[in-house]
Number of protein chains: 2
Amino acid sequence: MKLSSKGRYGLKAMCELAKHYGEGALSLPYIAGETFLSEKYLEQLLSVLKKDDLIDATRGASGGYFLKRPPEEISVGEILRSLENGLEIVDCLSGDCKNKSTCQTYGVWAKLYGAINKCLDGISLKELVEGE
Amino acid sequence: MKLSSKGRYGLKAMCELAKHYGEGALSLPYIAGETFLSEKYLEQLLSVLKKDDLIDATRGASGGYFLKRPPEEISVGEILRSLENGLEIVDCLSGDCKNKSTCQTYGVWAKLYGAINKCLDGISLKELVEGE
DNA sequence: TTAATCCCTATCAAATTTCTAGGTATTATC
DNA sequence: GATAATACCTAGAAATTTGATAGGGATTAA
(Lines give C-alpha, C1' and ligand atoms only; values in the text may rest on other atoms or scores of the structure.)
Protein backbone atom coordinates (compact mmCIF):
# COMPACT_ATOMS: atom_id res chain seq x y z
CA MET A 1 0.00 0.00 0.00
CA LYS A 2 1.98 2.92 -1.30
CA LEU A 3 1.12 6.51 -1.98
CA SER A 4 1.77 7.38 -5.62
CA SER A 5 4.42 9.82 -6.80
CA LYS A 6 1.64 12.10 -7.86
CA GLY A 7 0.59 12.44 -4.26
CA ARG A 8 4.08 12.94 -2.90
CA TYR A 9 5.24 15.37 -5.54
CA GLY A 10 1.96 17.21 -5.82
CA LEU A 11 1.98 17.90 -2.10
CA LYS A 12 5.47 19.37 -2.41
CA ALA A 13 4.28 21.63 -5.19
CA MET A 14 1.42 22.76 -2.99
CA CYS A 15 3.91 23.58 -0.25
CA GLU A 16 5.81 25.74 -2.68
CA LEU A 17 2.64 27.61 -3.60
CA ALA A 18 1.79 27.99 0.07
CA LYS A 19 5.21 29.41 0.85
CA HIS A 20 4.54 32.22 -1.60
CA TYR A 21 0.85 32.68 -0.88
CA GLY A 22 -0.20 36.28 -1.40
CA GLU A 23 2.75 37.11 -3.62
CA GLY A 24 0.96 36.53 -6.92
CA ALA A 25 1.28 33.65 -9.32
CA LEU A 26 4.26 31.31 -9.59
CA SER A 27 5.23 30.10 -13.04
CA LEU A 28 5.52 26.44 -13.94
CA PRO A 29 9.27 26.69 -14.66
CA TYR A 30 9.81 28.29 -11.27
CA ILE A 31 7.90 25.63 -9.32
CA ALA A 32 9.58 22.89 -11.35
CA GLY A 33 12.97 24.33 -10.44
CA GLU A 34 12.17 24.45 -6.73
CA THR A 35 10.71 20.95 -6.61
CA PHE A 36 13.19 19.30 -8.98
CA LEU A 37 10.41 17.99 -11.23
CA SER A 38 10.22 18.16 -15.01
CA GLU A 39 7.95 20.91 -16.23
CA LYS A 40 5.86 18.52 -18.28
CA TYR A 41 5.24 16.17 -15.40
CA LEU A 42 4.52 18.89 -12.88
CA GLU A 43 2.10 20.42 -15.35
CA GLN A 44 -0.10 17.34 -15.11
CA LEU A 45 -0.14 17.38 -11.35
CA LEU A 46 -1.13 21.02 -11.30
CA SER A 47 -3.88 20.43 -13.82
CA VAL A 48 -5.43 17.87 -11.47
CA LEU A 49 -5.22 20.24 -8.53
CA LYS A 50 -6.80 22.95 -10.63
CA LYS A 51 -9.63 20.72 -11.79
CA ASP A 52 -10.40 20.07 -8.12
CA ASP A 53 -10.44 23.75 -7.32
CA LEU A 54 -7.46 23.80 -4.99
CA ILE A 55 -5.41 26.11 -7.17
CA ASP A 56 -6.05 28.48 -10.02
CA ALA A 57 -3.94 29.90 -12.82
CA THR A 58 -3.56 32.91 -15.08
CA ARG A 59 -2.37 32.44 -18.63
CA GLY A 60 -0.11 34.46 -20.84
CA ALA A 61 3.21 36.13 -20.11
CA SER A 62 3.84 36.61 -16.37
CA GLY A 63 1.02 34.21 -15.63
CA GLY A 64 1.25 31.24 -13.29
CA TYR A 65 -0.37 29.21 -10.53
CA PHE A 66 -1.58 30.17 -7.09
CA LEU A 67 -3.63 28.74 -4.21
CA LYS A 68 -7.32 29.39 -4.43
CA ARG A 69 -7.65 29.59 -0.64
CA PRO A 70 -5.23 30.50 2.16
CA PRO A 71 -2.94 27.66 3.31
CA GLU A 72 -4.65 27.37 6.68
CA GLU A 73 -7.93 26.55 4.95
CA ILE A 74 -6.54 23.75 2.80
CA SER A 75 -6.05 20.33 4.37
CA VAL A 76 -3.55 17.71 3.32
CA GLY A 77 -6.51 15.36 3.01
CA GLU A 78 -8.10 17.48 0.31
CA ILE A 79 -4.84 17.68 -1.58
CA LEU A 80 -4.16 13.96 -1.51
CA ARG A 81 -7.73 12.98 -2.33
CA SER A 82 -7.39 15.18 -5.38
CA LEU A 83 -4.02 13.86 -6.54
CA GLU A 84 -4.72 10.22 -5.70
CA ASN A 85 -8.20 10.38 -7.11
CA GLY A 86 -9.71 9.44 -3.76
CA LEU A 87 -8.21 7.64 -0.82
CA GLU A 88 -10.39 4.54 -0.95
CA ILE A 89 -7.89 1.78 -0.12
CA VAL A 90 -10.12 -0.90 -1.64
CA ASP A 91 -12.55 -0.69 -4.54
CA CYS A 92 -15.58 -1.84 -2.58
CA LEU A 93 -15.44 1.50 -0.73
CA SER A 94 -16.00 3.45 -3.94
CA GLY A 95 -18.35 1.36 -6.04
CA ASP A 96 -21.43 -0.19 -4.58
CA CYS A 97 -20.25 -3.49 -3.15
CA LYS A 98 -23.27 -5.75 -3.06
CA ASN A 99 -21.74 -8.06 -0.48
CA LYS A 100 -21.25 -5.27 2.02
CA SER A 101 -23.64 -6.81 4.52
CA THR A 102 -22.14 -10.29 4.53
CA CYS A 103 -18.49 -9.43 3.91
CA GLN A 104 -16.32 -10.17 6.93
CA THR A 105 -13.63 -7.70 5.95
CA TYR A 106 -15.69 -4.74 4.79
CA GLY A 107 -15.75 -3.27 8.27
CA VAL A 108 -11.97 -3.18 8.37
CA TRP A 109 -11.73 -1.13 5.19
CA ALA A 110 -14.41 1.27 6.33
CA LYS A 111 -12.67 1.89 9.65
CA LEU A 112 -9.29 2.29 8.00
CA TYR A 113 -10.69 4.68 5.41
CA GLY A 114 -12.13 6.76 8.21
CA ALA A 115 -8.88 6.81 10.15
CA ILE A 116 -6.85 7.86 7.12
CA ASN A 117 -9.16 10.71 6.24
CA LYS A 118 -9.45 11.92 9.80
CA CYS A 119 -5.69 12.01 10.15
CA LEU A 120 -5.06 13.86 6.90
CA ASP A 121 -7.95 16.29 7.25
CA GLY A 122 -6.44 17.31 10.57
CA ILE A 123 -3.29 18.66 8.96
CA SER A 124 -3.39 22.00 7.17
CA LEU A 125 -1.03 23.12 4.45
CA LYS A 126 -0.02 26.01 6.66
CA GLU A 127 1.34 23.65 9.30
CA LEU A 128 3.61 22.08 6.73
CA VAL A 129 5.26 25.25 5.51
CA GLU A 130 5.58 26.74 8.97
CA GLY A 131 7.13 23.60 10.41
CA GLU A 132 4.22 22.69 12.69
CA MET B 1 -3.21 4.30 -2.59
CA LYS B 2 -4.69 0.84 -2.80
CA LEU B 3 -4.31 -2.26 -0.69
CA SER B 4 -3.02 -5.13 -2.79
CA SER B 5 -4.99 -8.27 -3.58
CA LYS B 6 -2.56 -10.15 -1.43
CA GLY B 7 -3.75 -8.19 1.56
CA ARG B 8 -7.43 -8.49 0.79
CA TYR B 9 -7.41 -12.15 -0.10
CA GLY B 10 -4.92 -13.14 2.56
CA LEU B 11 -7.10 -11.59 5.23
CA LYS B 12 -10.05 -13.61 3.98
CA ALA B 13 -7.98 -16.77 4.20
CA MET B 14 -7.06 -15.87 7.76
CA CYS B 15 -10.75 -15.45 8.56
CA GLU B 16 -11.37 -18.92 7.27
CA LEU B 17 -8.63 -20.32 9.49
CA ALA B 18 -10.02 -18.38 12.44
CA LYS B 19 -13.49 -19.74 11.86
CA HIS B 20 -12.13 -23.25 12.32
CA TYR B 21 -9.61 -22.49 15.04
CA GLY B 22 -9.13 -25.45 17.35
CA GLU B 23 -10.49 -27.94 14.84
CA GLY B 24 -7.12 -28.99 13.47
CA ALA B 25 -5.51 -28.13 10.16
CA LEU B 26 -7.35 -26.99 7.02
CA SER B 27 -6.03 -28.17 3.69
CA LEU B 28 -5.08 -25.80 0.89
CA PRO B 29 -7.78 -27.15 -1.45
CA TYR B 30 -10.39 -26.62 1.25
CA ILE B 31 -9.40 -23.01 1.96
CA ALA B 32 -9.16 -22.31 -1.75
CA GLY B 33 -12.68 -23.61 -2.20
CA GLU B 34 -14.09 -21.43 0.57
CA THR B 35 -12.30 -18.27 -0.56
CA PHE B 36 -12.72 -18.79 -4.31
CA LEU B 37 -8.98 -18.48 -4.92
CA SER B 38 -6.78 -20.71 -7.06
CA GLU B 39 -4.74 -23.15 -5.00
CA LYS B 40 -1.49 -21.99 -6.48
CA TYR B 41 -2.14 -18.36 -5.74
CA LEU B 42 -3.43 -18.96 -2.23
CA GLU B 43 -0.38 -21.08 -1.56
CA GLN B 44 1.84 -18.05 -2.00
CA LEU B 45 -0.21 -15.97 0.39
CA LEU B 46 -0.10 -18.67 3.03
CA SER B 47 3.64 -19.08 2.64
CA VAL B 48 4.10 -15.40 3.48
CA LEU B 49 1.87 -15.68 6.53
CA LYS B 50 3.79 -18.71 7.63
CA LYS B 51 7.16 -17.03 7.19
CA ASP B 52 5.91 -14.28 9.50
CA ASP B 53 4.80 -16.77 12.12
CA LEU B 54 1.10 -16.07 11.96
CA ILE B 55 0.18 -19.54 10.82
CA ASP B 56 1.83 -22.93 10.77
CA ALA B 57 1.37 -26.04 8.70
CA THR B 58 1.74 -29.81 8.83
CA ARG B 59 2.83 -31.66 5.71
CA GLY B 60 1.81 -34.96 4.28
CA ALA B 61 -1.57 -36.54 3.85
CA SER B 62 -4.24 -34.99 6.08
CA GLY B 63 -1.92 -32.07 6.71
CA GLY B 64 -2.89 -28.44 6.37
CA TYR B 65 -2.68 -24.93 7.76
CA PHE B 66 -3.75 -23.52 11.13
CA LEU B 67 -3.40 -20.34 13.18
CA LYS B 68 -0.39 -20.25 15.43
CA ARG B 69 -2.24 -18.21 18.06
CA PRO B 70 -5.92 -17.85 18.98
CA PRO B 71 -7.87 -15.37 16.82
CA GLU B 72 -8.27 -12.88 19.66
CA GLU B 73 -4.49 -12.56 19.90
CA ILE B 74 -3.93 -11.82 16.23
CA SER B 75 -4.55 -8.29 14.98
CA VAL B 76 -5.50 -7.27 11.48
CA GLY B 77 -2.47 -5.00 11.57
CA GLU B 78 -0.11 -7.92 11.96
CA ILE B 79 -1.77 -9.79 9.14
CA LEU B 80 -1.67 -6.90 6.69
CA ARG B 81 1.88 -5.88 7.57
CA SER B 82 2.85 -9.44 6.76
CA LEU B 83 0.99 -9.70 3.47
CA GLU B 84 1.77 -6.18 2.29
CA ASN B 85 5.37 -6.43 3.37
CA GLY B 86 4.95 -3.51 5.74
CA LEU B 87 2.46 -0.69 5.72
CA GLU B 88 4.90 2.12 5.05
CA ILE B 89 2.95 4.31 2.63
CA VAL B 90 6.11 6.01 1.37
CA ASP B 91 9.63 4.65 1.01
CA CYS B 92 11.26 7.26 3.22
CA LEU B 93 9.50 5.63 6.19
CA SER B 94 11.30 2.33 5.63
CA GLY B 95 14.77 3.24 4.43
CA ASP B 96 16.77 5.92 6.12
CA CYS B 97 15.69 9.14 4.50
CA LYS B 98 18.55 11.57 4.89
CA ASN B 99 16.34 14.61 4.34
CA LYS B 100 14.04 13.69 7.20
CA SER B 101 14.95 16.81 9.16
CA THR B 102 14.38 19.31 6.37
CA CYS B 103 11.57 17.57 4.49
CA GLN B 104 8.30 19.48 4.75
CA THR B 105 6.16 16.45 4.10
CA TYR B 106 7.91 13.79 6.17
CA GLY B 107 5.77 14.62 9.20
CA VAL B 108 2.62 13.89 7.26
CA TRP B 109 3.75 10.39 6.33
CA ALA B 110 4.86 9.64 9.86
CA LYS B 111 1.51 10.70 11.30
CA LEU B 112 -0.41 8.79 8.69
CA TYR B 113 1.66 5.69 9.21
CA GLY B 114 0.92 5.90 12.92
CA ALA B 115 -2.79 6.34 12.37
CA ILE B 116 -3.02 3.39 10.00
CA ASN B 117 -1.20 1.04 12.33
CA LYS B 118 -3.14 2.18 15.37
CA CYS B 119 -6.41 1.57 13.59
CA LEU B 120 -5.50 -1.88 12.31
CA ASP B 121 -3.80 -3.04 15.47
CA GLY B 122 -7.02 -2.28 17.31
CA ILE B 123 -8.98 -4.88 15.36
CA SER B 124 -8.55 -8.56 16.21
CA LEU B 125 -9.18 -11.45 13.89
CA LYS B 126 -11.77 -12.69 16.35
CA GLU B 127 -13.88 -9.58 15.88
CA LEU B 128 -14.03 -10.23 12.16
CA VAL B 129 -15.30 -13.76 12.33
CA GLU B 130 -17.74 -13.06 15.14
CA GLY B 131 -19.21 -10.05 13.39
CA GLU B 132 -17.94 -7.43 15.88
C1' DT C 1 3.70 -47.96 -1.46
C1' DT C 2 0.58 -44.59 -2.49
C1' DA C 3 -1.91 -40.57 -2.49
C1' DA C 4 -2.55 -36.35 -0.33
C1' DT C 5 -0.56 -32.74 1.19
C1' DC C 6 2.80 -28.62 1.89
C1' DC C 7 7.10 -26.35 -0.17
C1' DC C 8 9.97 -23.84 -3.57
C1' DT C 9 10.97 -20.95 -7.45
C1' DA C 10 10.66 -19.46 -12.15
C1' DT C 11 8.10 -16.93 -15.31
C1' DC C 12 4.36 -15.01 -18.06
C1' DA C 13 0.71 -11.61 -18.72
C1' DA C 14 -1.77 -7.72 -17.58
C1' DA C 15 -2.36 -3.51 -15.51
C1' DT C 16 -0.74 0.61 -13.70
C1' DT C 17 2.31 4.29 -13.04
C1' DT C 18 5.68 7.46 -14.35
C1' DC C 19 7.24 10.36 -17.46
C1' DT C 20 8.11 12.41 -22.20
C1' DA C 21 6.67 14.87 -26.22
C1' DG C 22 4.41 17.88 -29.42
C1' DG C 23 1.40 21.06 -30.43
C1' DT C 24 -2.41 24.92 -29.21
C1' DA C 25 -4.37 29.00 -26.89
C1' DT C 26 -3.74 33.11 -24.25
C1' DT C 27 -1.81 37.47 -22.79
C1' DA C 28 1.57 40.98 -20.83
C1' DT C 29 5.00 43.71 -22.64
C1' DC C 30 7.72 46.18 -25.88
C1' DG D 1 0.93 44.51 -33.76
C1' DA D 2 4.71 41.31 -32.99
C1' DT D 3 6.95 38.62 -29.73
C1' DA D 4 7.98 35.86 -26.03
C1' DA D 5 6.38 33.82 -21.99
C1' DT D 6 3.16 31.43 -20.20
C1' DA D 7 -0.83 27.85 -19.27
C1' DC D 8 -3.60 24.07 -21.59
C1' DC D 9 -4.53 19.61 -23.88
C1' DT D 10 -3.82 14.86 -25.44
C1' DA D 11 -1.32 10.92 -27.00
C1' DG D 12 1.59 7.45 -25.94
C1' DA D 13 6.38 5.32 -24.63
C1' DA D 14 8.89 3.22 -21.00
C1' DA D 15 9.31 1.23 -16.72
C1' DT D 16 7.59 -0.99 -12.82
C1' DT D 17 4.53 -3.59 -10.20
C1' DT D 18 1.02 -6.85 -9.56
C1' DG D 19 -1.57 -10.88 -10.29
C1' DA D 20 -1.63 -15.29 -11.50
C1' DT D 21 0.03 -19.75 -13.59
C1' DA D 22 3.00 -23.73 -13.82
C1' DG D 23 5.92 -27.54 -12.74
C1' DG D 24 8.33 -30.22 -9.93
C1' DG D 25 10.21 -31.61 -5.08
C1' DA D 26 9.74 -33.06 -0.14
C1' DT D 27 7.03 -35.03 3.49
C1' DT D 28 3.91 -38.08 5.80
C1' DA D 29 -0.60 -40.52 7.20
C1' DA D 30 -2.84 -44.47 5.95
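The basis for the numbers below is simple: all heavy atoms, side chains too, and nothing from hydrogens, waters or symmetry mates. What you are looking at is a predicted structure, and each value in this text was computed from that prediction instead of being measured. So that the names make sense, note that chain A is the first sequence line, chain B the second, and so on, each numbered from 1.
Atom CZ of A:Phe36 and atom C1' of C:dC19 are 18 Å apart (whole Å). Rounded to whole Å, atom C1' of D:dA5 lies 15 Å from atom CD1 of A:Ile31. In this structure, CG of A:Leu49 is placed 15 Å from C1' of D:dA7, rounded to the nearest angstrom. Distance CG (B:Leu45) to C1' (D:dT21): 14 Å, rounded to an integer number of Å. The CD atom of B:Glu39 sits 14 Å away from the C1' atom of D:dG23 (whole-angstrom rounding). Taking atom CZ of B:Phe66 as the reference point, atom P of C:dT5 lies 15 Å away to the nearest angstrom.
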Given protein heavy atoms under 4.0 Å, the one-letter contact record of nucleotides 12-20 of chain D, with B base, S sugar-phosphate only and - none, is simply -------SB

Would you mind building the protein contact string for nucleotides 22-30 of chain C? One character per nucleotide, 5' to 3', B for base within reach (heavy atoms under 4.0 Å), S for sugar-phosphate only, - for untouched.
-> BB-BBBB--

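The phosphate of D:dA5 has neither OP1 nor OP2 within less than 4.0 Å of any side-chain N or O from A:Tyr30.
Relative to the side chain of A:Ser27, the nucleotides C:dC7, D:dA7, C:dC6 differ in distance, and D:dA7 lies closest.
Between B:Glu130 and B:Lys19, no side-chain nitrogen of the basic residue sits less than 4.0 Å from a carboxylate oxygen of the acidic one, so the salt-bridge criterion is not met.
Rounded to 10 degrees, the angle separating the terminal helix axes of the helix from C:dT1-D:dA30 to C:dC30-D:dG1, each built from five base pairs, is 10°.
Inter-residue side-chain proximity for A:Arg81 and A:Asn117 is flagged as met; some heavy-atom pair is nearer than 4.5 Å. Between B:Lys2 and A:Val90 there is no side-chain heavy-atom pair separated by less than 4.5 Å. Looking at B:Ser4 and B:Glu84, their side chains come closer than 4.5 Å, going by heavy atoms from C-beta outward.
Aromatic pair B:Tyr65/B:His20: ring centres not closer than 6.0 Å.
Across all strands shown, A:Leu26 has heavy atoms under 4.0 Å from sugar-phosphate atoms exclusively, and none from any base.
The closest donor-acceptor contact from the side chain of A:Thr35 to the backbone of A:Ile31 lies under 3.5 Å. Between the B:Glu127 side chain and the B:Ser124 main chain, a donor and an acceptor come within less than 3.5 Å of each other.
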Let me see the working for B:Glu73 and B:Lys68 under salt bridge (Lys or Arg N to Asp or Glu O under 4.0 Å), right down to the final yes or no.
-> CA-CA 10 Å; B:Glu73 291 179 20; B:Lys68 225 170 168 181; over 6 Å; no

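Closest of all the heavy-atom pairs between B:Tyr41 and B:Lys6 is OH-N, 3.8 Å.
Between the CZ atom of B:Arg8 and the CG atom of A:Asp91 there is a distance of 6.5 Å, given to the nearest 0.5 Å.
Across A:Leu67, A:Leu83, A:Leu128, a single residue satisfies side chain to side chain contact (heavy atoms under 4.5 Å, CB included) together with A:Met14, and that is A:Leu67.
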